[in-house]
Structure formats: C-alpha cells, structure tokens
Engineer: 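Let me begin by handing over the structure; questions about it come next.
Remember, it's 1-based here, ligands and their atoms both numbered in the order they're listed.
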Amino acid sequence: MKNDLERDTKFTHMGRPPAGLGTPVSHSVTRASTLLFEKAEDLYRSDVRGYGRHGAAVHDALAELFTELEQGVGTLLYSSGLAALTGPVLSIVKPGDHILLTDSTYGPTRHFCLTFLARLGVETTFYDPRIGSGISDLIQDNTSLILLESPGSLTFEIQDIPAIAKAARAKGVTTLIDNTWSAGISLSPLPMGVDISIHAATKYFGGHSDIMYGAAIFADEAHFKRAQMTAKQLGNASSPDDAYQILRGFRTVLPRFRQQEATSLALAEWLMTRDEIQQVLHPAVSDHPDHALWQRDFTGGGCIFSVVLKPTSEADVLRFINNLNLFGIGYSYGGFESLAIHCDPQLRRSCAATLAGPLVRFACGLEAMVDLKNDIEQSLVSIY
Ligand SMILES: Cc1ncc(COP(=O)(O)O)c(C=O)c1O
C-alpha cells in the first residue's frame, strides 16, 4: 500500500484478499489444526505454513495492519493483551537479570513480574513514571529490560518516552511499552526509540467487549525474531475466529476511537468544574501535571480517565458506582459501552504519592456525552 495514504484509507484497504469475480471483501475464516500437503516431499519445507498453530491468512492480514499502525517491522499475535506482554518479556529476560518497571503499570503486569519472573530469578525494581532521563541511574549491569506504560493504568501519569528510550539504548537495554490506552492511534512509540509496543487488542480493536486478544509490534528484526522463537517454543496460538473479529474491529477503530476520545475529554473537562471532584486524572486536560509532555508526544487522547473524589466514605463510593445507570460496572475499556470502577482496592504503588481521596475510573463508550454527563451528575448529587 502506498505510504502517502492516510490511516483511514490504509485501514480500509490493507489486509484484504485480492479482488476478483465474486470474491468477498474480507478474508474468510479457515479453521485448521491439520494442514494437508500434496506430496511427502513438501512435509519438511520451511517456507510453507505446515500446521494450525502457525496461523492462517487472517492472522497475516491482521499482523500487517498492526505493523502499519505502529510503523514496526513485524507483529506477533497473542490470545490476550497480557500474553502479548509476557511473551515478548520472556524472550528477553534470563535468570540473574534485573528489569525496571514503571510504578504506574497495569496490575497483572506487576503481578507477573513479582511472581513468575521472580521465580525465574529476575529481579524487578519499580521506578517513578515521571523519572524521565533519570532512569539512567537505575540501570544496572544486569538490567535487560525497561517496561513503560503511558499514561499509567488508573493514575494516568505520562512518561518521557524518548528520554527513557534514549537512556536505555545508550546502555543496550531493551524497552517495551504497553500502548493499549492510545490504541497506537494517538501515540507512536517505536519512532521515539522504543523497541516493542504491545496492545491489549481486547479493548479498542475488539471494540465490542466480547473478545480477548493481544498484539506485540517490533521496531527491529532482532527483537522480532527472538520473540517469534519464544512464541513458538511456548506454543502460542490464537483462534482464527478471534483474529477475524479483531481485523473486523480494525476497520472501524478510527471513528470509534475519535468519538470515545472526544467524549472522555468533554466529560473530564466538565468534571473539573464539579465541587465533588478533587482532581481529574486525564492527560489531555490542561491542569494535568504532565499535560505539556502529553501535548509534545501524543496526537490525541484515549477513552478512559480517573477522578479523585472529595474524601468520602467507602460506602458512598460504592453507592456512587451503583447509582450510575448508563455505566456498567466492569473492568476494561474500548468497547461500545461505558464502564466505571472504583480503584482503591487494586491500587498498588511503590514510588508515587498517595491520592487525597477515593479513585474512580470511567471508560467512555459510544453513548451521547450529554447522557453520560447527566448520569454522573445525578449519582454525584446522590452521595454528597
Ligand atoms: C493497560 C492494559 N494492558 C494490558 C491489559 C491486559 O489485556 P487482556 O485483558 O486482553 O489480557 C489490560 C486489560 O485491562 C490493560 O488495561
């Protein structure tokens, strides 16, 4: 596909079967464990797909789109977002290594490092997400990997990605970013010097809250090949039905993302004006502490953000969530429907300051912004 085309055009036309008389617009799903060969002579060829675990045409098309999205050299597909992180991490670390993990990371990533990697003899140090080039001082001789996530899960700190990537490269350390929030639409970390970008495609690309999926996109062949070998060794595979649904979601992700991003920003700005709210944690809002960094590196927002409520009892926080009519109570984001959770029971931080009130996260769906706003307002009024 020509490079000068806009993303909307590329995401419409890439990854489709060649047009012919009566051909479908999209790839068909072929389900297979066994793939047949015409001749015994072909059984051990390395240049053909030989077995179901090696994927199908629909996987290739989806990988091509992710590679284009992130401007990488290749993509590996996984059965969940978490698997898209743990797989590449396992391709890098070895016993005796040390890794640096942003303190604002997604909870299960933290858990994986502190349990599974610890069992492998890999030590994890948490760093302040706002450390920037100061990360250099934390890099040890045995540091093999720096994990980033920007904005951070739940608390939405923005990291100085180019500064961290530069410090890492100077010392030969690999960087991997969880880029789920931006969908790769409002942030392109690979051209900033990051080696691997991963997505929980479960979110925006699934778009309908009914599929688990993940993707890892690589900036260079060496990291790509290592992770490909690890995926093969671990038996990684994802269903062609799921790959098909994610590819289908990819076709409409840009307009859905734009609407959800606009709704989240409008809600966040309105919430800043409310007396019940102590702080709005959305990097696109002008008084966010990292707003300037966000403006420098991002081209837009995402669909989730948090608010710190004025101090109130836990019972009131639960009542606030329960009184919402249009926000489902559930984890995740990027689906067509809005969600809300209270975050304090899962908030784990080693470096960051504690918040001055209860933390609530909103994920905006495709509902009209005014209805979501009215819903939050009636529930806020009911508890304060
Ligand atoms: C930032 C982030 N990364 C990774 C994941 C994991 O994705 P999955 O649920 O597809 O395993 C999630 C899921 O909530 C997430 O929010």
Engineer: Under 4.0 Å from a heavy atom of E149: which atoms of ligand 1 are those, numbered in the order shown and with their elements?
Structural biologist: 1 (C)

Engineer: CD of E314: more than 12 outside heavy atoms within 6.0 angstrom?
Structural biologist: no

Engineer: Give me the ring orientation class for F336 and H208: parallel if the planes are under 30° apart, tilted from 30 to 60°, perpendicular past 60°.
Structural biologist: tilted

Engineer: For atom 10 (O) of ligand 1, which protein heavy atom lies nearest, and how many Å away is it?
Structural biologist: T202 OG1, 2.5 Å

Engineer: What protein heavy atom lies closest to atom 9 (O) of ligand 1? Include the residue and the distance to one decimal.
Structural biologist: M212 CE, 3.4 Å

Engineer: List the closest protein heavy-atom neighbour of atom 8 (P) of ligand 1: residue, atom name, distance to the nearest 0.1 Å.
Structural biologist: G81 N, 3.4 Å

Engineer: Both conditions, 6.0 Å and 45 degrees, for the charged tip of R45 above the ring of F37: are they met here?
Structural biologist: no

Engineer: At what distance is the nearest protein heavy atom to atom 7 (O) of ligand 1, and which residue and atom is it?
Structural biologist: A200 CB, 3.2 Å

Engineer: Are any of the side-chain nitrogens in R49 or D60 under 4.0 Å away from the carboxylate oxygens of its partner?
Structural biologist: yes

Engineer: Tell me the contacting part of Y333 for ligand 1: side chain, backbone, both, or neither, using a 4.0 Å heavy-atom threshold, strictly below.
Structural biologist: side chain

Engineer: For atom 11 (O) of ligand 1, what is the nearest protein heavy atom, given as residue, atom name and distance?
Structural biologist: L82 N, 2.9 Å

Engineer: Check whether F116 forms a cation-pi arrangement with R119 (NZ or CZ under 6.0 Å from the six-membered ring centre, at most 45° off the ring normal).
Structural biologist: yes

Engineer: Is there a polar contact, in the sense of an N or O pair closer than 3.5 Å, between D178 and ligand 1?
Structural biologist: yes

Engineer: Backbone or side chain, does any N or O of K203 fall under 3.5 Å from an N or O of ligand 1?
Structural biologist: yes

Engineer: Under 4.0 Å from a heavy atom of S153: give me the atoms of ligand 1 that qualify, with their elements.
Structural biologist: 1 (C)

Engineer: Using heavy-atom distances only, which candidate in Y106, Y331, Y78 approaches atom 5 (C) of ligand 1 most closely?
Structural biologist: Y106

Engineer: Considering both backbone and side-chain atoms of S332, is one of its nitrogen or oxygen atoms within less than 3.5 Å of a nitrogen or oxygen in ligand 1?
Structural biologist: no

Engineer: Shared ILVMFWY cluster between I196 and L101, side chains joined below 4.5 angstrom?
Structural biologist: yes

Engineer: T180 vs H199, test: side chain to side chain donor-acceptor pair (under 3.5 Å). Steps then yes/no.
Structural biologist: CA-CA 5 Å; T180 302; H199 289 272; 5.0 Å; no

Engineer: Give a yes or no on whether the ring-centroid distance for F250 and F66 is below 6.0 angstrom.
Structural biologist: yes

